[in-house]
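Below is one structure; the comments refer to it alone.
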Amino acid sequence: MSVAAIKQQIDQMTEDERFYVAAYIQHLENEEDAGYRAAVADASSRMDSGKKVSFEELVARHDALERAGK
């Protein structure tokens, strides 16, 4: 399939479908990024060792980021 054909299909997609296509493309790029894979492995190891964030802390961090406009 050509790039032009793919672009034509994307043009016909709904906003939700485009969102999922974009997320899938980002997923493919992340899988090829050794730095990203290492960061995920490191985060997983920290969680396995007990360094986790409670739901309440997660909500507080999210709220702080929203207040900061991020």
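Numbers for residues simply follow the sequence, beginning at 1. Computation of the quantities below employed the complete heavy-atom set of this structure, encompassing side-chain atoms and omitting hydrogens, waters and symmetry-equivalent molecules.
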(message) Applying a strict under-4.5 Å side-chain criterion to I, L, V, M, F, W and Y, I'd like to know whether Ile6 and Val21 cluster together.
(response) yes
(message) Check whether Ser44 reaches the backbone of Val40 with its side chain - one donor and one acceptor, N or O, closer than 3.5 Å.
(response) no
(message) Nearest 0.5 angstrom please: Ile25 CD1 to Asn30 CG, how far?
(response) 12.0 Å
(request) Measure across Lys52 and Met47 and return the closest heavy-atom pair with its distance rounded to 0.1 Å. (result) CE-O, 3.0 Å
(request) Could you tell me whether Glu57 atom CD has more than 12 heavy atoms of other residues or ligands within 6.0 Å of it? (result) yes
(request) Can you measure from NE2 (His62) to CZ (Phe55) and round to the nearest 0.5 angstrom? (result) 10.5 Å
(request) Determine the minimum heavy-atom distance between Gln12 and Arg18, stating which atoms define it. (result) N-NH2, 4.5 Å
(message) Would you compute the distance between atom OH of Tyr36 and atom NE2 of His27 and round it to the nearest 0.5 angstrom?
(response) 9.0 Å
(message) If you apply the rule salt bridge (charged side-chain N to carboxylate O under 4.0 Å, His left out), what do you find for Asp11 with Lys7, and how did you get there?
(response) CA-CA 6 Å; Asp11 288 343; Lys7 287 173 67 176; over 6 Å; no
(request) Could you tell me the separation between the CD atom of Glu56 and the CG atom of Leu58, rounded to the nearest 0.5 Å? (result) 9.5 Å
(request) Indicate the atoms forming the closest heavy-atom contact of Glu32 with Arg37, along with that distance. (result) C-NH1, 3.6 Å
